[in-house]
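Chain A is the first sequence line, chain B the second, and so forth, proteins listed ahead of strands; every chain is numbered from 1.
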Amino acid sequence: MKVVSWNVNSIRARLENVLRWLDEEAPDVVLLQETKCIDEAFPRDFFEDRGYNVELYGQKTYNGVAILSKHPIEDVQRGLSNFEDDQARYIEGVVNGYVRVASVYVPNGESKESPKFTYKMQFLDALREYLPDRLFTDEVFIVGGDYNIAPTPQDITMEEKWEGSVMCTPAEREQFQALLSSGFIDIARKFHPYGKEETPDLTTWWNYRAGAWQKNDGLRIDHLLVSRSNAGMVKEMGVHRHTRGWEKPSDHAPVWCAVER
DNA sequence: ATGGTAGGGATCCTA
């Protein structure tokens with residue numbers, strides 16, 4: 001099974017690109033972030049026509065997450081049950097009996113000084129407390145999403161420009177490490193460890209502004225966290241970075257992994 | 001050099 005996470009920055013604006021990508025890659029499960037519409041406005045027919053089941057947790061204008069799956073989606077949860085939040089940033093479900101998946105859109109934080117940064121930290125606290133309760137021995141749990149955190153300087157193509165700014169602060173990185181410590185691995189760095197000469201560029205996000213894509217000025221902020229106990233079921237991962245070069249692209253590229261029982 | 005672009009939807013907010 002191929003499981004992919006993609007921050008599409010509006011499902012309606014991105015529909016043509018997402019369908020083109022679906023037809024190329026035929027993923028089994030898609031975890032979407034920043035759908036930016038209420039559930040009634042989600043273009044679900046286009047996905048159902050291609051054989052996907054659709055579960056939504058949307059809101060008007062901002063945020064919004066979704067799961068598309070060729071298998072039926074069971075045990076669906078919307079939002080973090082331990083966190084009061086009026087923003088739609090988390091949806092979870094079980095597919096094919098043994099793969100629990102979640103789509104998470106961690107707050108951006110804006111800047112270290114912003115109240116939104118405090119909210120980001122609170123959301124991450126709640127996520128870290130919530131996720132371990134969702135680990136079951138007979139399932140692999142893949143928490144995919146836009147974490148808005150570059151875990152190390154090696155996840156930044158222009159380190160000197162970004163280091164220390166929002167997404168690249170020690171506080172955010174401690175949160176990311178704490179998430180891993182709660183029972184997960186960063187699957188990208190299982191297959192492509194830090195510090196190896198042949199490590200590929202795993203950047204997932206390039207700002208729309210100032211020609212960031214053309215300069216390859218980007219960050220690895222989209223991640224697939226996989227439950228440590230069953231992480232051996234994940235055989236491979238990658239980033240579909242070519243989609244960032246398409247007309248009318250999302251500012252994020254899909255990050256995918258292959259799962260086998 | 002503190003800009004730049006994109007999306008939603010309202011004439012600004014968020015990223």
Side-chain angles (χ1 to χ4, degrees), chain A residues 5-21 31-44 46 56-66 79 85-91 103-124 127 144-151 155-169 171-173 175-176 203-223 239-255:
Chain A
S5 172
W6 195 5
N7 178 326
V8 291
N9 185 22
S10 169
I11 190 63
R12 289 177 293 176
R14 215 64 57 213
L15 186 59
E16 196 177 325
N17 274 8
V18 173
L19 295 177
R20 174 183 172 185
W21 168 81
L31 308 168
L32 297 172
Q33 302 90 38
E34 277 208 271
T35 54
K36 288 189 168 177
C37 64
I38 59 172
D39 296 349
E40 292 73 21
F42 193 99
R44 63 186 301 148
F46 290 90
L56 304 172
Y57 188 39
Q59 72 176 84
K60 191 179 173 184
T61 311
Y62 304 118
N63 312 309
V65 285
D85 196 354
D86 57 6
Q87 303 190 20
R89 296 182 173 276
Y90 183 92
I91 187 170
S103 177
V104 62
Y105 177 43
V106 174
N108 170 281
E110 188 179 37
S111 71
K112 283 178 284 190
E113 300 77 21
S114 171
K116 296 197 192 85
F117 193 85
T118 308
Y119 166 60
K120 181 178 194 173
M121 288 295 144
Q122 291 168 341
F123 183 92
L124 287 162
L127 189 64
D146 175 3
Y147 287 77
N148 274 312
I149 301 172
D155 299 300
I156 309 172
T157 59
M158 296 187 179
E159 180 186 336
E160 64 295 335
K161 172 179 167 178
W162 285 93
E163 211 32 34
S165 61
V166 72
M167 300 190 276
C168 310
T169 66
E172 291 161 287
R173 286 173 173 167
Q175 287 278 19
F176 191 79
T203 301
T204 64
W205 172 80
W206 300 259
N207 203 320
Y208 285 123
R209 293 180 276 197
W213 167 247
Q214 287 74 14
K215 292 184 279 194
N216 192 26
D217 171 11
L219 309 178
R220 189 176 74 92
I221 57 175
D222 298 86
H223 307 295
V239 178
H240 291 143
R241 69 182 280 148
H242 67 286
T243 61
R244 185 61 178 83
W246 286 354
E247 286 295 308
K248 211 169 152 42
S250 169
D251 46 348
H252 296 253
V255 55

How close do V8(A) and E34(A) get, heavy atom to heavy atom, and via which atoms? CG2-O, 4.0 Å
Determine whether the aromatic ring centres of W246(A) and W21(A) lie less than 6.0 Å apart. no
Could you measure between the two P atoms, the one in dA1(B) and the one in dC12(B), and give it in whole Å? 29 Å
I149(A) has an atom CD1; how far is it from atom C1' of dA15(B), in whole Å? 16 Å
Give me the distance, rounded to whole Å, that separates dG9(B) from dT14(B) when you measure between the C1' atoms they each carry. 12 Å
Mind calculating the distance between CD (E16(A)) and P (dG7(B)) to the nearest angstrom? 13 Å
Can you measure Q87(A) atom CD to dC13(B) atom P for me and round it to whole angstrom units? 15 Å
Expressed as a whole number of angstroms, how long is the span from R12(A):CZ to dG7(B):P? 12 Å
Flag yes if more than 12 heavy atoms outside Q87(A) fall under 6.0 Å of its CD atom; otherwise flag no. yes
Pairing donors with acceptors under 3.5 angstrom, does anything connect the side chains of Y90(A) and D85(A)? no
Phosphate contact (dT14(B) OP1 or OP2) by K36(A) side-chain N/O below 4.0 Å: no
Atom CG of D251(A) and atom P of dA6(B) are separated, to the nearest Å, by 10 Å
Integer-rounded Å distance: dA15(B) P and K112(A) NZ: 18 Å
What is the distance, to the nearest angstrom, from the CH2 atom on W162(A) to the P atom on dA15(B)? 14 Å
Please figure out whether K215(A) or H252(A) has its closest DNA chain B nucleotide nearer the 5' end. K215(A)
For N148(A) and for N9(A), find the nucleotide of DNA chain B with the closest heavy atom, then tell me which residue's nucleotide is more 5'. N9(A)
Please report the distance separating the P of dG8(B) from the corresponding atom of dG3(B), rounded so that it comes out in whole Å. 25 Å
Counting side-chain heavy atoms from CB outward, which of dG8(B), dG9(B), dT14(B) is closest to K60(A)? dG9(B)
Pair W206(A)-D217(A), side-chain donor/acceptor within less than 3.5 Å: no
Return the set of residues passing side-chain hydrogen bond (donor to acceptor under 3.5 Å, both in side chains) with Q59(A) (not counting sequence neighbours), or none when no residue passes. N63(A)
Any luck finding a side-chain donor-acceptor pair between N9(A) and K36(A) under 3.5 Å? yes
Short N/O separations, protein against nucleotides 2-5 of chain B, under 3.5 angstrom:
| from | atom 1 | to | atom 2 | distance (Å) |
| --- | --- | --- | --- | --- |
| dG4(B) | O6 | R209(A) | NH1 | 3.1 |

With a 4.0 Å cut-off on heavy atoms, is R89(A) in touch with a base, just the backbone sugar-phosphate, or nothing at all? sugar-phosphate
Whole-Å gap separating P (dA15(B)) and OH (Y147(A)): 18 Å
